[in-house]
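Reminder, nothing fancy here: chain letters follow the sequence lines and each chain counts from 1. Predicted, not measured: the structure shown is a model, and the values here were computed from it.
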There are 2 protein chains.
Amino acid sequence: MAATIIDVAREAGVSISTVSYALSGKRPVSDRTRRRIEAAILELGYRPNAGARALAGRRTYVFAVTEPLRPDTYTPTHMAFVLATAKAARQYDYDVLLLTQEEANGGLQRVTGSRIVDGVIVLDVLDHDERITLLRTLDIPAVVVGVPADPAGLVCVDLDFAAVAQLAVDRLVDGGHRRLGLLGHPAAAYERGQNFPVRFREAFVSCAQSRGVSAQVATPERTIADARSAMAELFDGPDPVTGLVMHCEDSIQMRALDELRARGLDIPGDVSVISAASTFDTTTFTPALDVIPLVPDQSCSRAVELLVEQLEGPIEPRVELLPPEYIERGSASAVLA
Amino acid sequence: MAATIIDVAREAGVSISTVSYALSGKRPVSDRTRRRIEAAILELGYRPNAGARALAGRRTYVFAVTEPLRPDTYTPTHMAFVLATAKAARQYDYDVLLLTQEEANGGLQRVTGSRIVDGVIVLDVLDHDERITLLRTLDIPAVVVGVPADPAGLVCVDLDFAAVAQLAVDRLVDGGHRRLGLLGHPAAAYERGQNFPVRFREAFVSCAQSRGVSAQVATPERTIADARSAMAELFDGPDPVTGLVMHCEDSIQMRALDELRARGLDIPGDVSVISAASTFDTTTFTPALDVIPLVPDQSCSRAVELLVEQLEGPIEPRVELLPPEYIERGSASAVLA
DNA sequence: CTGAAAGCGCTTACAG
DNA sequence: CTGAAAGCGCTTACAG
């Protein structure tokens with residue numbers, strides 16, 4: 001059988017409370033005692049029993065992360081957020097329990113009701129997300145990565161997608177471009193109100209409008225044929241786009257570059273291209289692309305920070321938007337004409 | 001505060017042991033009593049406290065799944081296994097804790113040592129995997145999806161990759177093809193000894209050999225340029241391949257089909273193509289491809305089954321290989337010459 | 001078919 | 001700086 005705190009106490013010649021306090025640091029312990037306890041722990045290979053700890057201490061050191069991973073969604077980006085959350089959680093000694101689509105709501109009820117977890121991180125939130133509706137009734141610390149339509153009472157963290165769109169549009173318009181195009185996510189993402197595609201598209205369109213330039217949006221499925229016809233839409237009409245913003249998965253972006261090549265269009269000579277809110281590396285593309293990156297580690301470590309804060313008691317609801325950064329790679333410049 | 005078993009017992013007018021037994025079914029309970037208990041549970045919104053349950057019952061109802069999700073690995077396929085595991089686990093009332101690369105070994109020690117989990121599912125195993133080495137010392141139920149170089153003492157489940165290769169090679173050779181090609185994973189996968197690419201490639205080569213036909217292997221990185229040159233390798237030499245087996249991610253397979261198109265090669269007129277051990281849908285390709293699918297649900301639900309069995313006590317170590325199935329779509333036929 | 005009670009392995013006031 | 005002990009909320013022999 002595994003060693004218990006009693007074994008450690010005996011081995012170290014102290015009481016179990018002293019062992020517990022030495023471990024938690026919640027009470028001063030003399031150096032000499034601490035060393036003996038540490039030696040005993042090493043000697044016995046002791047690890048505190050999680051169940052007992054949870055029961056007595058009312059802390060499980062597990063967070064739930066709910067990420068639907070819908071079948072038509074781009075897995076690598078979404079998983080990058082899950083991994084970033086796991087990594088950030090470990091900084092606070094927390095593990096993560098993964099709740100997926102099948103059991104989004106049932107799972108939330110189960111793990112919070114039975115106190116398997118101390119808090120919840122909500123990923124890939126929809127404008128109107130039933131997980132949020134449920135969460136409001138649940139009385140458990142939670143942080144939303146993303147911003148639902150009604151964020152009242154919630155703690156939300158996200159990249160400032162409106163600022164991303166603004167940056168991209170300004171860059172292009174300042175460069176002299178008057179006809180902008182957005183290569184976006186599949187239509188289904190917008191229809192279901194998936195948070196970041198929607199917010200980005202809206203900001204893109206309204207920024208273009210307020211700068212007085214045209215904005216065309218194409219939303220291809222993830223098939224070759226669709227990527228092609230989306231590019232045809234943007235580039236083969238009477239008023240072809242000269243400033244392209246891509247907010248879609250990497251394979252589509254690579255396709256799009258193929259298509260520009262096939263048309264003999266030079267970047268940035270004929271067309272300026274910006275990759276917006278991308279989680280992947282755009283330097284491996286040909287050519288390397290200017291990018292306004294979406295950094296999962298950033299959003300998630302802040303989210304975990306805010307979740308940990310809530311362990312001590314409720315905090316002020318808020319929407320925290322992280323400022324974007326424009327990274328120059330030479331794919332967007334002034335219109336040369 | 002949340003309701004406890006004491007509240008339920010009081011509300012139902014029975015003892016707490018009766019409530020517990022009604023919940024677990026480990027002792028008969030009269031219908032009348034059961035109904036009153038169920039009513040009380042509903043009334044109070046009772047959910048058993050996981051920590052207390054784990055402490056008293058020595059069962060946490062959580063499995064760990066360790067999936068490194070290496071950065072250069074194809075996320076969708078790997079996540080499909082994680083999701084399939086989570087889904088299968090839920091059939092037995094289990095949740096899953098996700099352990100990723102950062103914390104593969106430390107995480108395993110932690111969650112098993114502190115009894116956060118009742119068992120471990122090991123995903124994406126390498127030929128020589130330090131997780132396996134660790135696991136052998138750990139005394140916790142475990143099932144490996146995949147087969148390491150030395151499976152002694154382990155319970156392993158996997159698709160029979162050798163049989164997949166056999167099926168593919170036989171199909172092509174029976175169709176008259178004498179020059180086979182394999183479009184495989186990136187070289188790094190083989191170098192690190194990633195299980196299924198290695199096993200597949202070896203079987204492919206040896207099956208071809210024993211059928212007396214040539215076998216060429218290309219292992220492109222996931223870039224356009226590399227996919228192109230890999231296809232050039234296979235199809236632009238003096239003895240171009242006529243039977244192509246693809247064991248790589250979907251975007252590369254799509255690229256490969258592009259490349260065949262670009263060469264004016266007809267499928268299956270000029271080249272027969274089989275997609276091997278693919279987790280994605282090959283009917284959306286142009287043309288739809290014959291496929292010998294790798295079905296995560298299959299491997300994972302069997303793995304979970306075997307893990308649950310071990311909860312009752314040790315079981316015989318074994319390597320269970322699941323038989324593959326050939327699905328015809330018309331992309332592989334006899335050489336028309 | 002049901003109940004009273006010990007015990008799982010911790011944390012944390014309470015006491016000194 | 002340290003200890004003795006109550007108590008967290010369950011499960012499961014033990015008893016009837």
Could you write out DNA chain C as a dot-bracket string, with dots for unpaired bases, | for bases paired across to another strand, and Watson-Crick or G-U pairs counted at under 3.5 Å? |||.||||||||.|||
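- Ring pair Tyr94(B)/Phe63(B) is parallel by interplanar angle, where below 30° counts as parallel and above 60° as perpendicular.
- Contact annotation: Lys26(B) reaches the phosphate of dT12(D) (side-chain N/O to OP1 or OP2, under 4.0 Å).
- For the residue pair Thr77(B) and Thr279(B), a side-chain donor N or O sits within less than 3.5 Å of a side-chain acceptor on the partner.
- If you check every strand for non-hydrogen atoms under 4.0 Å, Thr33(A) touches sugar and phosphate atoms only.
- Rounding to whole angstrom units, CZ of residue Arg59(A) and P of dT11(C) are separated by 12 Å.
- Taking only side-chain nitrogens and oxygens, Ser17(B) never comes nearer than 4.0 Å to OP1 or OP2 of dT12(D).
- Distances were taken from every side-chain heavy atom of Pro48(A) (C-beta onward) to each of dT2(C), dT11(D), dC10(C); the shortest belongs to dC10(C).
- Residue Tyr46(A) places at least one side-chain N or O under 4.0 Å from the OP1 or OP2 atom of dC10(C).
- For Tyr21(A), the side-chain atoms get nearest to dT12(C) when compared with the rest of dT11(C), dT12(C), dC1(D).
- Phosphate contact (OP1/OP2 of dG9(C), side-chain N/O of Arg115(B), threshold under 4.0 Å): absent.
- Residue Ser20(B) is classed as a base contact, given a heavy-atom separation below 4.0 Å to a base.
- Among the nucleotides dT11(C), dG3(C), dA15(C), the one closest to the side chain of Ala56(A) is dT11(C).
- OP1 and OP2 of dT2(D) both lie 4.0 Å or more from every side-chain N or O belonging to Ser15(A).
- Here Arg58(A) reaches the OP1 or OP2 of dG9(D): one of its side-chain N or O atoms lies under 4.0 Å away.
- A side-chain donor-acceptor contact under 3.5 Å links Ser114(A) to the backbone of Arg110(A).
- With distances taken from any side-chain atom of Asn49(B) to the nucleotides dC10(D), dT2(C), dG7(D), the minimum falls on dC10(D).
- One finds no side-chain N or O of Thr4(A) lying less than 4.0 angstrom from the OP1 or OP2 phosphate oxygen of dG9(C).
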